[in-house]
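Notes to accompany the following structure.
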Amino acid sequence: MFKKIAPATYEIPREGKMRVPGLVIASSELLKLSDLEKPLEQVRNVACLPGIVGYSIAMPDIHWGYGFPIGGVAAMDVETGVISPGGVGYDINCGVRLALVDIPYQTLSHDKKDKLLSRIFSHVPSGVGHGHRDKKLSEQDYVNLIEKGARWSVEQGYGFPEDLDHIESQGCLEGANIGIISQIAKQRGREQLGTIGSGNHFVEIGAVGQLFDPKIAEAWGIAEGMTYILIHSGSRGFGHQICQDTLHSFLGKGFAHDLPDKQLVCAPIKSQEGQDYFQAMAGAANFAFNNRQQILHAVRIAFQEILQIAPQSIKLLYDVCHNIAKFETHLVKGSPTKLCVHRKGATRAFGKGAEELSPLFRQTGQPVLVPGDMGRASYILVGKGNLLTWCSCCHGAGRDLSRIQSMKEWKGKNVFDVMASRGVKVLASSEETVAEEMPNAYKDVHKVVQAVEEAGLADRVASLSPRLVIKG
Amino acid sequence: MSYCQSLSEWTLKKTQILPHISISRNPFNENSWKNFPCQIPFFIRGVALFNSLGHSTYELLWQKKSQAPFEEIQHTADIAYQICGQTFSQILYHATLALAFSFPAFTRYLSSSISCSSIEEVIGLLNSWVAKIDTEEGIGLKAVSYHATVQLREDNLLYWTMIVDV
């Protein structure tokens with residue numbers, strides 16, 4: 001079934017209607033441990049899409065998704081290829097941002113940590129139905145934030161201009177068009193900017209652990225033991241509805257004809273429908289950049305109120321998208337070719353010298369943020385610009401247990417106490433969410449990160465140890 | 001319907017029997033039960049008639065099992081249900097019921113009088129309700145996916161795997 005072609009890199013040969021082979025990044029141990037039947041079927045299905053080049057790619061955190069697997073990458077030729085909402089996901093530009101606080105975590109007293117967590121919990125709405133009732137987006141706000149991306153939030157006082165150089169694509173996807181986004185999408189998002197939402201989204205505070213590449217760590221301002229802030233959220237109901245509207249429209253037009261799975265429904269990139277989706281998706285991506293910008297602002301304010309740390313001294317290291325389709329130029333058979341790269345549950349991992357990166361990261365490669373789970377660890381990696389994967393990397397540990405399995409396992413137990421006994425204090429709107437998200441529901445992030453390092457996608461820079469967590 | 005009718009007639013004839021419904025909850029917390037702020041959906045998987053012999057001893061006199069309208073199934077990242085029904089309209093009703101167990105706001109859309117003629121229509125309606133609920137009060141799901149393969153099985157029922165992106 002698999003043919004090993006390089007370290008931690010396996011090829012799935014072409015069969016049936018597959019236009020390209022599949023490629024799985026994983027260690028032999030991960031391949032044995034994971035239930036891969038359904039996700040690999042999805043890898044094969046994606047390989048059947050028109051215009052796909054190279055491989056249909058699976059990252060080591062792959063699991064069963066919607067049409068495309070989660071942890072999947074597929075690049076389409078812009079002239080002949082398609083763009084698929086299922087290749088981006090419902091939560092358009094779901095992503096992660098990491099900020100650094102130049103204070104050793106250990107020096108914070110228990111009392112201050114408790115107060116900090118409570119203050120963040122009160123400033124950042126989390127969970128179902130917790131939005132900003134007093135901060136509704138107007139039509140003009142939508143026009144501005146879609147056009148300007150995260151810059152709009154900075155102009156409103158949420159953060160600082162220097163933050164923008166530390167966000168993928170400077171926090172703005174070009175080509176967004178508010179005119180084609182439905183009223184329902186706008187209604188869904190109106191009170192949700194600056195909110196985490198539910199599911200696996202979170203705000204996490206902790207301590208930087210081991211440094212694996214001290215030179216890069218120093219260049220990025222990372223020191224062992226220092227305090228970090230990690231934020232995971234996306235485009236909320238606004239993005240979900242844009243995906244839904246597009247799927248409804250594409251399916252109604254019969255675009256799923258001849259596809260192995262209806263959920264891969266797609267349109268030619270050059271068609272009006274393809275362009276419309278890209279423009280709407282870019283709008284949702286810009287909403288998500290603003291969302292994470294405003295969440296970080298609220299966290300900065302909490303640090304100021306509880307620890308008297310100036311917001312500007314909390315430095316944003318990087319913000320990455322992991323559910324997105326982007327136009328990028330890569331070498332195909334030796335020639336620079338414009339591609340539409342779908343990354344669903346996968347992170348861009350540009351290496352040294354990539355033109356799009358800001359000067360600091362052009363010298364080192366871009367930061368790749370890999371949240372693990374709330375008990376074990378997360379990682380900061382540096383991208384190596386791997387050509388086989390269109391400069392992509394994993395996006396997390398990947399789920400191992402279903403939500404039901406995890407709930408059953410923790411039924412009747414106080415999950416907050418269990419986490420506290422492991423040194424992690426958790427606040428959440430719903431105890432159920434915490435039970436679904438307990439560490440054993442995820443694969444071991446250490447193994448996932450080891451696989452991408454062996455495969456040459458990214459290298460470890462530092463590990464992170466979660467200590468204070470807010471869940472939806 | 002004929003089964004329901006004969007059961008109720010039979011119960012009425014047996015006037016010495018006190019009809020009642022027992023609802024069990026484990027762990028049972030009286031306060032959370034009293035304070036639970038919304039309607040609770042439920043469905044019946046079977047009817048059993050017991051004769052109470054005293055001292056918590058019961059004799060089973062008669063029972064009839066019924067097909068569950070849905071069953072939650074394993075899905076790694078999302079939530080999934082096996083929904084069954086005789087028609088697409090019933091599939092919609094049962095899917096709404098399934099969602100109402102996890103997302104109580106769906107109880108307000110529980111209506112057996114909405115008619116549907118395809119699975120795409122079912123998914124479209126469910127998603128329109130997701131959008132409404134999200135706008136009004138928020139909801140912990142993104143959408144019902146277009147996983148739209150419906151099987152007609154030997155029992156003459158339609159089966160649909162509903163995958164909900166959370």
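On a predicted model such as this, the values are computed, not experimentally measured, just so you know. Proteins come first, then strands; the chains are lettered A, B, ... in the order of their sequence lines, and each starts at number 1. Just so it is clear, the values below take in all heavy atoms, side chains as well, and ignore hydrogens, waters and symmetry mates.
- Heavy atoms of A:Q405 lying under 4.5 Å from chain B belong to its backbone as well as its side chain.
- Between B:G140 and A:S198, the closest heavy-atom pair is CA-OG, 3.5 Å.
- Among the candidates B:I73, B:T149, B:I123, B:N127, the residue making the largest number of heavy-atom pairs closer than 4.5 Å to chain A is B:N127.
- Ring orientation note: the planes of B:H75 and A:W64 are close to parallel, at an angle under 30° on the 30°/60° scale.
- Of all non-hydrogen atoms in A:Y90 and B:A143, the two that sit nearest each other are CE2-CB, 3.2 Å.
- B:R45 CZ: 12 or fewer foreign heavy atoms inside a 6.0 Å radius.
- Heavy-atom distances place the side chain of A:H63, and not its backbone, under 4.5 Å from chain B.
- Contact annotation for residues 157-166 of chain B against chain A (heavy-atom separation below 4.5 Å, listed by residue number): B:I163, B:D165, B:V166.
- A:M407 CE to B:I79 CD1: the interatomic distance, rounded to the nearest 0.5 Å, is 8.5 Å.
- The closest side-chain donor-acceptor pair between A:H248 and B:Y146 falls under 3.5 angstrom.
- With a threshold of 4.5 angstrom between heavy atoms, A:S402 approaches chain B through its backbone and through its side chain.
- Contacts between B:I133 and chain A at a heavy-atom distance below 4.5 Å are absent for every atom of the residue.
- B:T135 approaches A:R188 most closely through the heavy-atom pair OG1-CG, 3.5 Å.
- The distance from the CZ atom of A:R236 to the NZ atom of B:K142 is 10.0 Å, given to the nearest 0.5 Å.
- Among A:Q187, A:K38, A:E432, the residue making the largest number of heavy-atom pairs under 4.5 Å with chain B is A:Q187.
- Atom CD of A:E37 sits in a sparse spot, with 12 or fewer heavy atoms from other residues, nucleotides or ligands closer than 6.0 Å.
- Other residues, nucleotides and ligands contribute more than 12 heavy atoms inside 6.0 Å of the CD atom of B:Q74.
- There is a side-chain donor-acceptor pair under 3.5 Å between B:D134 and A:Q192.
- Note that CD1 of A:I184 and OG of B:S128 are 8.0 Å apart. Values are rounded to the nearest 0.5 Å.
- For residues 118-133 of chain B, the pairs satisfying salt bridge (Lys or Arg N to Asp or Glu O under 4.0 Å) are A:K262-B:E120, with sequence neighbours left out.
- Surrounding NZ of A:K408 are at most 12 heavy atoms belonging to other residues, nucleotides or ligands under 6.0 Å away.
- With a 4.5 Å cut-off on non-hydrogen atoms, A:I70 touches chain B through its side chain but not through its backbone.
- At a 4.5 Å heavy-atom cutoff, A:N200 makes no contact with chain B through either its backbone or its side chain.
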